[in-house]
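First the structure, in the form of structure tokens, and then the observations on it.
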Amino acid sequence: EVQLVESGGGLVQPGGSLRLSCEVSGFSFSSYWMTWVRQAPGKGLEWVANIKQDGSEVSYVDSVRGRFTVSRDNAKNSLYLQMNGLGAEDTAVYYCARTQNDFWSGQSSDYWGQGTLVTVSS
Amino acid sequence: DIQITQSPSPLSASVGDRVTITCRASQSIINFLNWYQQKPGTAPKLLISAASNLQSGVPSRFSGSGSGTDFTLAINSLQPEDFATYYCQQTYNTPHTFGQGTKLE
């Protein structure tokens, strides 16, 4: 059974840092792209970042570039999101997702974790 | 960045209805378009990839079509469990932007 479990969310003050983790099981982690998506309370989905199987390619949405870093440890079947310089606008549920990649039709995220809530507030 | 305009929202319908949701991209994305369903308090679920590829286990009343800039998700014979929020997503270029969502109520 494919499982993705996020952790590391919580309450953090503006300007603070947080590191999210996503531990996976049930599939060959090193064979898949992975993606972080967030959802602010009552709002829609926002794609945050993705990372290639070996970590050699990463991409970010402009609003987090330079503040967030996505990484992975294939030996530990784990995906990470280091978040620095947090602001109220980063308050959201953060999801990790396994992502299929096809040259002819792009990417699609077929398995998702349950999400972890990050609240940025003083 | 590629902008995705999704409509309508909200969408009012009844059990048994056929409904359509559209997404328009700000430039051609060929068929690099996914559809997700999300119910309150849960993670999104992938319904359709590559504009029209129905995922395993997704009922056949769901279908996707379109290419270039205009895409449609159709749901035939709405069931009670279909009332949820639907999102499209382009993956032609990063950032892989989502539409604003359509709440089916």
Side-chain angles (χ1 to χ4, degrees), chain A residues 1-6 9 22 24 27 32-52 57-68 70 92-117, chain B residues 1-7 9-10 21 23 25 27-58 64 66-68 71 73 84-103:
Chain A
E1 180 188 9
V2 172
Q3 288 193 323
L4 299 89
V5 180
E6 301 96 336
C22 171
V24 313
F27 66 97
Y32 289 87
W33 284 74
M34 296 295 294
T35 299
W36 286 101
V37 173
R38 68 183 178 182
Q39 187 168 36
K43 303 298 184 181
L45 301 173
E46 180 180 30
W47 183 92
V48 173
N50 68 358
I51 185 168
K52 195 176 180 179
E57 292 184 34
V58 296
S59 294
Y60 301 94
V61 67
D62 282 351
S63 59
V64 309
R65 187 176 293 114
R67 300 188 299 123
F68 289 14
V70 59
V93 173
Y94 285 75
Y95 296 100
C96 63
R98 187 181 87 166
T99 300
Q100 302 278 358
N101 185 69
D102 183 285
F103 180 81
W104 298 105
S105 58
Q107 297 191 349
S108 58
S109 293
D110 58 353
Y111 285 92
W112 297 62
Q114 84 288 349
T116 187
L117 176 62
Chain B
D1 297 358
I2 296 174
Q3 307 303 314
I4 301 291
T5 302
Q6 185 175 342
S7 62
S9 189
I21 299 169
C23 281
Q27 66 177 75
S28 175
I29 56 172
I30 311 178
N31 69 332
F32 289 31
L33 194 284
N34 304 316
W35 289 99
Y36 298 88
Q37 175 194 66
Q38 187 180 32
K39 297 182 179 180
T42 69
K45 173 187 175 182
L46 178 65
L47 297 177
I48 290 169
S49 63
S52 60
N53 183 25
L54 193 69
Q55 296 300 292
S56 175
V58 176
S67 65
F71 301 86
L73 172 69
T85 301
Y86 294 85
Y87 295 92
C88 59
Q89 179 201 28
Q90 68 81 21
T91 63
Y92 185 75
N93 279 341
T94 57
H96 291 165
T97 43
F98 288 90
Q100 304 93 319
T102 292
K103 184 176 182 180

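Every heavy atom of this structure was used, including side-chain atoms; hydrogens, water molecules and symmetry mates were not. Only a predicted model underlies this, so the values are computations on that prediction, with no experimental measurement involved.
- Contact of B:Q89 with chain A is made through the side chain alone, with heavy-atom distances under 4.5 Å.
- A:V48 does not touch chain B: none of its heavy atoms, backbone or side chain, sits under 4.5 Å away.
- Ranked by heavy-atom pairs under 4.5 Å with chain A, the first of B:P44, B:P40, B:G101 is B:P44.
- For A:S59, the part sitting under 4.5 Å from any heavy atom of chain B is the side chain, from C-beta outward, and nothing else.
- With respect to chain B, the highest number of heavy-atom pairs below 4.5 Å among A:S109, A:S105, A:G113, A:G115 belongs to A:S105.
- Because its NZ or CZ atom is not both nearer than 6.0 Å to the ring centre of A:Y111 and within 45° of the ring axis, A:R98 does not count as a cation-pi partner of that residue.
- Residue contact with chain A, scored on non-hydrogen atoms closer than 4.5 Å, involves the backbone of B:T42 exclusively.
- A:W36 has its ring centre no less than 6.0 Å from the ring centre of A:Y60.
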* Asked: Going through the checks in order, is the side chain to side chain contact (heavy atoms under 4.5 Å, CB included) test met by B:F71 and B:I29?
  -> CA-CA 10 Å; B:F71 301 86; B:I29 56 172; 3.5 Å; yes

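- Side-chain contact, B:Q90 with B:T97: a donor N or O sits under 3.5 Å from an acceptor N or O.
- Checking A:Y94 against A:E6 by side-chain atom types alone, no donor-acceptor pair falls below 3.5 Å.
- A:E46 touches chain B through its backbone: at least one of N, CA, C or O sits under 4.5 Å from a heavy atom, while the side chain does not.
- No hydrogens or angles considered: nothing links the side chains of B:Q3 and B:Q27 as a donor-acceptor pair under 3.5 Å.
- There is no contact between B:Y92 and chain A, counting heavy-atom distances below 4.5 Å.
- Ring geometry for A:W47 against B:H96 counts as tilted: the plane angle lies between 30° and 60°, on a 0 to 90° scale.
- For B:N53, no part lies under 4.5 angstrom from a heavy atom of chain A.
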